[in-house]
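Only a predicted model underlies this, so the values are computations on that prediction, with no experimental measurement involved. Numbered from 1 within each chain, the chains take letters A, B, ... in sequence-line order.
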Amino acid sequence: METANIAKLAVAAAPYAIDKPYDYLIPEGMEVSVGVRVSVPFGRGNRRSEGVVLAVGEGEKLPGLKQILSVLDRESVLDRQDIDLALWMRQRYFCTLYDALKTILPAGLWYQFREVCRLAPGIDRTAACADAQEAPACAEVMRLLFAKGGSVELSELKSACGEECVNALKTLAGKGLIFCESRAQRKIGDKTRRMVELALSAEEAMEIAESRRRAAPVRYEAIRLLCTVGRICASELCYFTGASSQTLRALEKAGVVRFFQEETLRVPEIKQSGEAAPIVLNEEQEAAYCGLLSLMESGRAEAALLHGVTGSGKTQVYIRLVQEALRRGKNAIVLVPEIILTPQMMDKFSSCFGVEVAMLHSGLRLSERYDQWKRIRRQEVRVVLGTRSAIFAPLRNLGLIVMDEEQESSYQSENPPRYHTRDVAKFRCAQDGALLLLGSATPSVESAHWAREGVYHPFFLRRRYNEKSLPRVMLADLKDEVRSGNSGVISSLLRREIEQNLQRREQSILFLNRRGNSRMLLCGECGFVPECPRCSTALTYHSANGRLMCHYCGHSEKANEACPMCGGIMKRVGVGTQKVEEELRTLFPGIQLLRMDADTASGEHEALLSRFEREKIPILLGTQMVAKGLDFENVTLVGVLAADLSLYVDNYHAAERTFSLLTQVVGRAGRGEKSGRAVIQTYTPGNEVIVSAAEQDYDRFFESEIRMRRIRRYPPFADLFTCTISGTDETAVLRAAVRLREELRLEAQKEPFCRSDPEVLGPAPAPVVKVDNRYRYRILWVGKNDKDTRALLSYTLKKFASDRQNRGISIFVDCNALE
DNA sequence: AGCACGCCGACT
DNA sequence: GTCGGCGTGCTC
């Protein structure tokens with residue numbers, strides 16, 4: 001047997017159905033190590049694909065083996081632990097190994113090689129080729145450029161034509177036939193920068209990007225990058241994806257992205273460690289801390305739940321534990337739902353840990369984030385404080401992972417692989433024997449359940465740190481209001497309370513429990529509502545450009561004043577914050593009012609909030625974003641306008657989310673010297689969730705909710721696997737869905753599943769059944785997320801994808817999806 | 001998924 | 001006789 005050096009690779013071009021480690025020959029003299037990215041030929045056509053080296057070793061030299069073309073990294077970007085994590089993610093989230101690895105690495109890394117060559121505009125193909133004919137390398141480059149639609153990445157060009165193409169590029173650029181875009185250098189010292197962010201949800205944006213992936217690859221990359229990083233400086237987005245400013249403008253026009261100006265964030269001044277005052281814990285905190293410390297010292301990868309009411313000082317406990325971890329030579333990761341909302345946390349950590357802490361927050365530029373990643377990888381930092389993706393920070397020798405407000409749904413990724421940070425954290429803790437500390441004022445029902453079952457170690461902080469009493473909560477019954485002739489959004493009770501606050505010159509926050517605000521057009525005569533031609537949804541009216549737009553596929557059309565059906569006059573409808581604002585202005589004429597919602601540019605938020613505090617503006621009206629982290633001395637009244645809105649959402653944790661949200665909002669009142677009040681408006685004042693939130697009684701909420709979950713077979717008693725099947729032919733999709741259901745039902749009756757008696761439900765249409773002309777139906781498997789079930793679903797997915805009957809139909813699986 | 005190979009019908 | 005339709009099968 002002849003042997004050779006062989007590398008096992010995760011290959012980008014291999015879809016889920018055929019994903020496995022592929023063997024490639026390492027050419028003589030090539031340095032290849034585990035964790036580097038390489039370029040390889042793949043498939044019949046030997047198209048170039050990227051791969052990640054999983055293992056290197058001697059192996060049998062089989063005839064079919066192909067060679068690695070080139071190595072893309074100077075040193076490895078992933079180590080053994082990363083690869084183990086990716087292997088685990090693959091079987092847990094039904095993604096390819098390559099997709100998992102890509103999720104682990106920072107976005108900046110995947111784009112750092114981007115250097116794009118483009119054809120100069122208005123170049124005629126035949127003339128240009130004739131012009132380039134003299135040098136074969138030039139002709140080859142031109143041919144490739146035309147074949148790829150006018151622009152090619154430099155790395156791709158190099159692997160196709162060899163290193164010598166660099167000279168050809170120079171010649172061609174000299175002739176003005178092409179140009180190469182290099183680093184778009186940002187001038188140092190810019191005061192503000194032009195930022196881009198998604199104007200739609202990540203899911204909606206990805207749908208749009210996917211639908212035109214082939215036709216507009218640059219757009220696709222730009223949107224995908226935006227989905228991973230949230231917001232980014234415009235020049236950086238262009239640099240990393242090869243998009244032009246025209247591309248961005250087109251995306252803006254299509255309503256996919258929006259621009260805003262942002263002050264350049266200075267690197268937060270790092271105070272020297274040692275200066276910070278030592279942390280003093282009260283009795284309760286001390287008790288929790290001691291218990292947690294001994295768990296951490298055990299090195300058994302334990303998990304604990306710290307249930308502490310708002311203002312009980314969980315952060316102090318976190319910091320003491322991190323300090324002790326460091327003293328023992330261990331490192332720590334601290335996760336928060338959205339760090340930009342917790343500047344106090346950032347301040348505390350930088351004063352306690354100085355240069356040893358790396359912060360990964362949404363205000364960082366992509367390149368800054370990448371730099372932080374490099375610092376962490378070089379083990380220059382010992383503490384990482386960040387949001388969801390910080391769980392992948394390449395920090396080794398972990399002693400502790402903290403997840404603050406662990407119930408937040410932002411801990412679940414919104415794009416595939418849709419990992420949950422808590423699960424990844426558990427895996428990493430198991431790798432290093434670290435303690436996982438889940439902290440919350442309103443824990444998820446699952447976590448509270450496991451704490452009661454003894455799977456997590458429970459700890460409690462029941463006293464508010466400053467001994468402040470919780471706000472007094474009043475319920476306003478909106479049904480009564482309607483009966484007594486008040487058709488408005490503000491109940492008489494809330495109105496009285498606001499008036500009282502106005503007299504006392506104290507401030508009020510009003511909260512509309514609704515995401516964004518969908519405004520649509522409706523014909524006053526015949527009731528016609530303009531709908532998207534490609535999706536099963538009403539079009540949204542955008543006052544900025546006077547157009548109707550679809551949030552799912554990006555379709556946009558001019559808004560007519562007259563109804564196209566009957567000629568009647570079109571009216572704007574939808575209870576958004578604007579509508580409430582109008583009502584407030586009539587109720588309280590001449591009173592100053594601030595509005596903050598999805599329409600408010602994100603750069604403005606902080607400015608608005610500081611104005612609210614500084615100028616003591618009497619009323620702040622807002623959506624989700626006013627619920628969290630705001631701490632204002634003079635706010636003594638909080639009003640929840642429609643507590644029920646988030647309750648009747650078709651999702652198993654709607655009740656939990658509502659309870660948590662109400663608790664957070666109520667906690668906004670009376671943070672200063674004066675005591676606070678809260679008014680919760682509801683149509684169902686008898687509802688357990690509303691009542692327990694009004695009483696600030698978590699245990700009561702938990703008891704009723706866990707009973708419900710048990711009866712309905714919801715988590716933690718079962719896991720919900722959602723198989724989404726989509727395609728352009730609705731009947732074909734439905735047929736495929738029914739076939740899948742029958743197949744899964746058959747399996748459910750067999751060993752080993754029959755013992756746990758899984759249920760297979762559906763097909764049911766997805767919340768929005770048609771998106772961009774693709775119909776989406778779901779099959780639900782209610783069972784246990786164990787090895788056998790995952791293996792079955794993985795097998796079923798692969799079989800489905802390779803079944804000829806299912807051509808043109810795609811499928812994916814999610815487990816316990818929160819949103 | 002994406003690409004080549006192969007086996008049939010409409011042309012120069 | 002050949003160009004191109006898409007059904008079939010494989011990817012180290």
Side-chain angles (χ1 to χ4, degrees), chain A residues 1-28 30 32 34 36-72 83 86-87 90 93-102 144 147-149 152 156 159-160 206-207 209-217 220-221 224 415-417 723-729 732-733 736 772 774 776 794-813:
Chain A
M1 174 182 99
E2 202 188 341
T3 64
N5 283 324
I6 288 180
K8 288 201 180 296
L9 308 183
V11 180
Y16 185 70
I18 60 161
D19 182 42
K20 59 170 185 177
Y22 286 88
D23 287 350
Y24 279 85
L25 281 174
I26 302 172
E28 204 62 39
M30 186 185 274
V32 173
V34 171
V36 295
R37 291 171 298 166
V38 293
S39 174
V40 290
F42 188 76
R44 291 233 209 189
N46 280 336
R47 68 210 147 94
R48 298 272 168 292
S49 173
E50 212 165 61
V52 176
V53 179
L54 305 170
V56 210
E58 284 272 298
E60 193 185 346
K61 191 176 179 178
L62 295 161
L65 289 184
K66 292 176 187 175
Q67 278 197 349
I68 294 176
L69 295 171
S70 62
V71 180
L72 299 172
I83 293 171
L87 285 164
R90 175 181 63 166
Y93 299 110
F94 308 99
C95 65
T96 69
L97 191 53
Y98 183 86
D99 289 337
L101 291 166
K102 198 164 179 163
L144 201 71
K148 294 281 177 179
V152 176
E156 197 183 341
S159 52
M206 274 320 283
E207 295 270 9
E210 289 288 355
S211 69
R212 317 223 195 307
R213 186 168 182 173
R214 296 288 212 76
Y220 173 80
E221 289 300 333
R224 207 174 49 151
N415 34 42
C723 309
T724 307
I725 296 127
S726 70
T728 46
D729 181 350
V733 170
D772 200 37
R774 288 180 75 84
R776 310 181 300 175
S794 170
Y795 167 79
T796 312
L797 274 181
K798 288 177 181 172
K799 207 171 120 200
F800 186 99
S802 45
D803 187 344
R804 305 243 164 267
Q805 285 188 96
N806 297 329
R807 229 179 307 168
I809 295 172
S810 40
I811 183 169
F812 68 88
V813 177

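- Distance CG (A:D803) to P (C:dG7): 15 Å, rounded to an integer number of Å.
- Per the geometry, CG belonging to A:N46 stands 15 Å off C1' belonging to B:dC5, to the nearest Å.
- Judged by distance alone, the side chain of A:Y24 and the main-chain N or O of A:L69 form no donor-acceptor pair under 3.5 Å.
- The residue among A:I18 and A:R44 whose nearest nucleotide of DNA chain B is located toward the 5' end is A:I18.
- Using modelled atom types, no side-chain atom of A:T96 and backbone atom of A:D19 make a donor-acceptor pair closer than 3.5 Å.
- Taking only side-chain atoms of A:Y22, from C-beta outward, the nucleotide of B:dA1, C:dT11, C:dG9 with the closest atom is C:dT11.
- If you take CZ of A:R48 and P of B:dG2, they are 17 Å apart, rounded to a whole angstrom.
- Between A:L97 atom CG and A:R90 atom CZ the span is 5.5 Å, to the nearest 0.5 Å.
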Go through the steps for A:E207 and A:R776 under the test salt bridge (Lys or Arg N to Asp or Glu O under 4.0 Å), then give the verdict. CA-CA 12 Å; A:E207 295 270 9; A:R776 310 181 300 175; 2.7 Å; yes
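- Protein atom CG of A:L797 is 15 Å distant from nucleotide atom C1' of B:dA1, rounded to whole Å.
- C:dC10 atom P lies 18 Å from atom CG of A:L65, rounded to whole Å.
- In this structure, the CG atom of A:L62 is 12 Å from the P atom of C:dT11, given to the nearest Å.
- Residue A:Q805 contributes atom CD, which lies 15 Å from atom P of C:dG7 at whole-angstrom precision.
- Where A:R807 and A:R47 meet DNA chain C, the nucleotide closest to each residue was compared, and A:R807 sits on the side nearer the 5' end.
- For A:Q67 and C:dT11, the CD to P distance is 19 Å, given to the nearest whole Å.
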